[in-house]
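Working notes, beginning with the structure itself.
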Amino acid sequence: IKMTKIKFQKIHQDAIIPKFAKEGDAGLDITSIDNYEINPGDHILVKTGLKMELPKGYEAQVRPRSGLALKNKITVLNSPGTIDAGYRGEVGVILMNHGNEIFKVNKLDRIAQLVIAKHETPEIEEVHELEISERGDGGFGSTGL
């Protein structure tokens with residue numbers, strides 16, 4: 001079986017190449033290259049010092065770390081953030097503080113995780129009408145509790 005290869009480039013001397021904490025994990029841990037403070041209700045862009053190259057047909061989803069969310073109310077603001085295969089800039093993570101206290105991000109802290117996902121690029125077609133479905137236009141709680 002041929003494995004998918006994700007390439008990382010360090011653009012900062014303190015950057016850490018992402019890795020899986022345990023065998024079989026879905027998310028690669030990514031770390032901060034600087035110290036930050038996030039005020040309650042505020043958000044910041046945390047730099048990782050990394051660039052990456054994904055194969056076509058793949059994306060990297062930037063997701064929160066559950067421990068940071070549970071213990072400190074820190075999450076990824078645009079969760080999941082998407083890194084497209086063609087992007088070659090620095091990987092950044094938008095962290096949001098939903099707590100009531102200043103949260104400190106320390107250099108080399110694990111701040112988020114990357115989940116690599118295969119996706120399709122569908123053909124787009126404009127139509128005048130859509131097929132009728134059983135659900136119709138019911139949404140936002142229309143199916144009950």
Side-chain angles (χ1 to χ4, degrees), residues 1-127 130-131 133 135 137-145:
I1 299 174
K2 186 177 178 185
M3 295 291 289
T4 302
K5 188 178 286 187
I6 309 300
K7 298 176 183 177
F8 288 95
Q9 175 189 9
K10 289 184 180 184
I11 59 170
H12 188 279
Q13 64 186 16
D14 297 325
I16 296 175
I17 299 297
K19 60 183 176 227
F20 297 103
K22 296 192 174 20
E23 186 176 336
D25 283 356
L28 293 154
D29 289 330
I30 52 176
T31 58
S32 171
I33 56 166
D34 278 314
N35 297 313
Y36 300 90
E37 286 189 357
I38 313 172
N39 291 314
D42 205 358
H43 63 280
I44 60 166
L45 179 63
V46 177
K47 295 185 176 206
T48 65
L50 296 169
K51 291 183 176 184
M52 67 186 301
E53 182 179 331
L54 294 162
K56 285 184 180 163
Y58 286 84
E59 65 160 327
Q61 298 175 1
V62 183
R63 298 186 185 182
R65 296 192 68 235
S66 58
L68 286 179
L70 177 64
K71 296 173 188 167
N72 305 105
K73 299 180 181 166
I74 301 298
T75 190
V76 175
L77 184 58
N78 61 329
S79 181
T82 295
I83 300 172
D84 292 308
Y87 178 67
R88 293 294 185 274
E90 181 175 5
V91 174
V93 178
I94 306 168
L95 289 184
M96 173 77 187
N97 183 353
H98 289 284
N100 297 319
E101 299 176 12
I102 293 172
F103 180 77
K104 292 184 179 185
V105 175
N106 296 308
K107 184 178 183 176
L108 306 183
D109 277 354
R110 292 177 296 159
I111 53 164
Q113 51 187 336
L114 290 178
V115 174
I116 309 303
K118 193 170 188 154
H119 70 84
E120 290 189 32
T121 304
E123 180 181 331
I124 306 301
E125 177 185 3
E126 181 181 358
V127 296
L130 300 175
E131 289 182 23
S133 72
R135 183 172 185 164
D137 62 3
F140 301 102
S142 66
T143 58
L145 298 175

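Since the structure is predicted, the reported quantities are computational estimates derived from the model, not experimental observations. One-based numbering along the sequence shown.
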- Exercise: identify the closest heavy-atom pair between Pro55 and Ala85: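 Smallest heavy-atom distance, with atoms named: O-CB, 3.5 Å.
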Is there side-chain contact between [X] and [Y], with at least one heavy-atom pair below 4.5 Å?
| X | Y | value |
| --- | --- | --- |
| Arg110 | Arg65 | yes |
| Pro40 | Ile102 | yes |
| Val76 | Asn78 | yes |
| Thr31 | Asp14 | no |
| Phe8 | Leu114 | yes |
| Ile33 | Glu90 | yes |
| Val115 | Pro80 | no |
| Asn97 | Leu95 | no |

- Task: With sequence neighbours left out, write down each residue that passes side chain to side chain contact (heavy atoms under 4.5 Å, CB included) with Thr121, or none if nothing qualifies.
- Result: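 Applying side chain to side chain contact (heavy atoms under 4.5 Å, CB included) to Thr121 gives His119.
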- Do the side chain of Gln113 and the main chain of Val62 share a donor and acceptor less than 3.5 angstrom apart?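 No, because the side chain of Gln113 does not come within donor-acceptor range (under 3.5 Å) of the backbone of Val62.
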Starting at [atom1] of [X], measure out to [atom2] of [Y] and round the result to the nearest 0.5 Å.
| X | Y | atom1 | atom2 | value |
| --- | --- | --- | --- | --- |
| Lys10 | Thr48 | NZ | OG1 | 11.5 Å |
| Ile116 | Leu54 | CD1 | CG | 5.5 Å |
| Asn39 | Ile44 | CG | CD1 | 9.5 Å |

- Message: With side-chain contact (heavy atoms from CB on, under 4.5 Å) as the criterion, how do Tyr36 and Lys47 come out once you've worked through the C-alpha distance, each side chain's angles and the decisive distance to 0.1 Å?
- Response: CA-CA 10 Å; Tyr36 300 90; Lys47 295 185 176 206; 3.7 Å; yes
- Residues Leu50, Met52; criterion side-chain contact (heavy atoms from CB on, under 4.5 Å); working and verdict: CA-CA 7 Å; Leu50 296 169; Met52 67 186 301; over 6 Å; no
- Task: Tell me, with the steps shown, if Thr75 and Leu68 meet side-chain contact (heavy atoms from CB on, under 4.5 Å).
- Result: CA-CA 7 Å; Thr75 190; Leu68 286 179; over 6 Å; no
